[in-house]
Amino acid sequence: MKDISAVILVGGEGTRLRPLTLHTPKALVPVVNKPLLSYIIEWFKYQHIYNLIFSVCYQPDKLKSVFGSGSKYGVHINYIVEKEPLGTGGAIKKAERFFKNTTIVINGDVLFDLDLASMLNYHRSKKSKITIALTPVEDPTAYGLVKIDKSGRIIGFLEKPTWDEVGRQRNINAGVYIIEPSILKYIKPNKICSLERNIFPELLLKKESFYGFVAKSMYWIDLGTHEKYRQAHQDILEGKLTNTKYFKKFYVNNVAIGVGTKLSKKTELYGPVVIGENCKIENKVTLNEFTVIGNRCHIAENVYLERCIIWDDVIIESGARLTGCIIGKNSHIGSHSSISDGVVLGDNNRIQPYSYL
Ligand code: GDD
Ligand code: MG
């Protein structure tokens with residue numbers, strides 16, 4: 001695997017995750033206190049792939065300042081920056097010089113534990129030019145629906161199909177591709193182009209060797225929406241992701257507490273709960289299951305949190321009660337406020353005491 005490179009598409013704006021993505025590119029959105037993209041890097045390392053190309057567009061400097069050359073993560077990262085988004089196909093074409101031989105391309109907003117070696121064996125055994133990892137879902141309308149024949153050959157690809165177009169097959173494009181460089185001849189340079197809407201239909205017309213690999217019992221989630229973002233937290237805390245060091249059950253007795261965090265003896269913890277570094281948790285705070293608190297947060301007396309995702313540098317004043325919500329970094333929640341399920345606050349919010357959201 002060492003000679004294989006991987007292109008990671010991280011140029012999207014993450015519009016459906018707003019307001020979380022207003023100041024933070026989706027790739028840097030924290031997932032259990034680690035940037036989303038760091039999970040993907042860990043996965044590549046686990047597969048012995050160290051040469052990564054980040055295809056970026058939106059807020060590229062923020063990504064560079066976190067991941068740099070990759071040395072901190074034990075990988076080598078090259079960056080390709082688009083001025084304007086070129087679409088998934090255009091972005092891949094822009095990375096053409098890195099396609100020296102078989103190359104992996106992935107969407108940078110998915111979490112999964114795919115066995116890449118099996119997929120690669122499959123790709124080679126079929127003499128495929130491009131192979132897509134497939135995963136079954138109940139509702140394929142938010143994804144790319146892929147129809148295959150008995151041999152695994154792709155016979156239909158429909159991006160965001162309507163229910164009328166969905167038949168019995170429910171396999172969707174999981175956003176992981178193995179691509180032979182010859183496929184790039186179908187994409188024009190410096191033109192906006194969607195891999196899913198423009199190139200895949202053309203490959204079908206041209207009868208290219210185009211296969212789907214149905215990964216057996218793979219964990220997979222696309223973090224495109226608030227609901228999925230919350231779901232990913234719950235899944236990770238339940239240990240559903242298994243194959244990188246972050247994905248292992250990393251907490252003791254269902255609770256992980258970061259370095260420098262001070263807890264009052266009277267804090268009540270009902271895990272799974274994760275607390276970041278250098279936080280202060282005061283008397284009689286209750287942290288109930290599936291709560292994740294970022295770094296440098298201050299949680300005052302008598303606060304109750306359940307299924308909450310709290311980003312870094314948040315202050316929650318005494319007596320506040322928060323359930324099932326997401327609070328962006330550097331926000332301040334006034335005392336005795338009540339914030340309920342589904343609320344998503346972006347960064348730097350100031351909520352007055354006794355607010356009811
Ligand atoms: N560099 C670059 N330039 N990257 C882009 C661009 C672009 O213009 N547009 C999108 N991307 C990146 C996004 O950042 C994301 O990581 C990935 O490409 C996919 O784009 P999304 O906008 O998240 O697409 P989607 O989730 O609606 O659908 C895609 O992913 C599904 C699986 O998660 C499609 O590939 C579907 O077919 C697929 O099922
Ligand atoms: Mg997506």
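Note that ligands are numbered from 1 as they come in the structure, with each ligand's atoms numbered from 1 the same way.
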I want to confirm something. Looking only at heavy atoms, which of [options] is nearest to [atom]?
atom: atom 11 (N) of ligand 1; options: Cys193, Gly12, Ala91; result: Gly12
atom: atom 7 (C) of ligand 1; options: Gly90, Ala174, Gly144, Gly87; result: Gly87
atom: atom 21 (P) of ligand 1; options: Asp222, Asp109, Leu9, Ile92; result: Asp109
atom: atom 10 (C) of ligand 1; options: Thr88, Ile192, Leu86; result: Thr88
atom: atom 17 (C) of ligand 1; options: Ile221, Asn107, Thr225; result: Asn107

Is it true that Glu196 and Lys160 make a salt bridge, defined as a side-chain N closer than 4.0 Å to a carboxylate O?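 A salt bridge is absent here (no side-chain N lies under 4.0 Å from a carboxylate O).
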Gap separating the CD1 atom of Ile77 from the NZ atom of Lys72, nearest 0.5 angstrom: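 Rounded to the nearest 0.5 Å, the CD1-NZ separation comes to 9.5 Å.
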Answer yes or no on whether Lys64 is positioned over the face of Tyr79, meaning its NZ or CZ is under 6.0 Å from the six-membered ring centre and within 45° of the axis.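 Pair Lys64/Tyr79 counts as cation-pi.
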Is the shortest N/O to N/O distance between [X] and ligand 1 below 3.5 Å?
X: Cys57; answer: no
X: Lys160; answer: yes
X: Glu82; answer: yes

Could you tell me whether Lys284 atom NZ has more than 12 heavy atoms of other residues or ligands within 6.0 Å of it?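 Incorrect, the count does not exceed 12.
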Is Lys280 atom NZ crowded by more than 12 heavy atoms from other residues, nucleotides or ligands, each under 6.0 Å away?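 Open: at most 12 neighbouring heavy atoms sit under 6.0 Å from NZ of Lys280.
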In terms of atom number and element, which parts of ligand 1 are under 4.0 angstrom from non-hydrogen atoms of Pro85?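 In order of numbering, the contacting atoms are 8 (O).
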With distance as the sole criterion, is a donor-acceptor pair present between the side chains of Ser5 and Asn51 under 3.5 Å?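 The answer is yes; a qualifying pair exists.
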Give, rounded to 10 degrees, the angle between OD2 (Asp109) and OD2 (Asp222) as seen from the Mg ion (ligand 2).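 So the angle at the metal works out to 110°.
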May I ask you to identify, for Phe54, whether its side chain, its backbone, both or neither come under 4.0 Å of ligand 1 on a heavy-atom basis?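 Answer for Phe54: neither.
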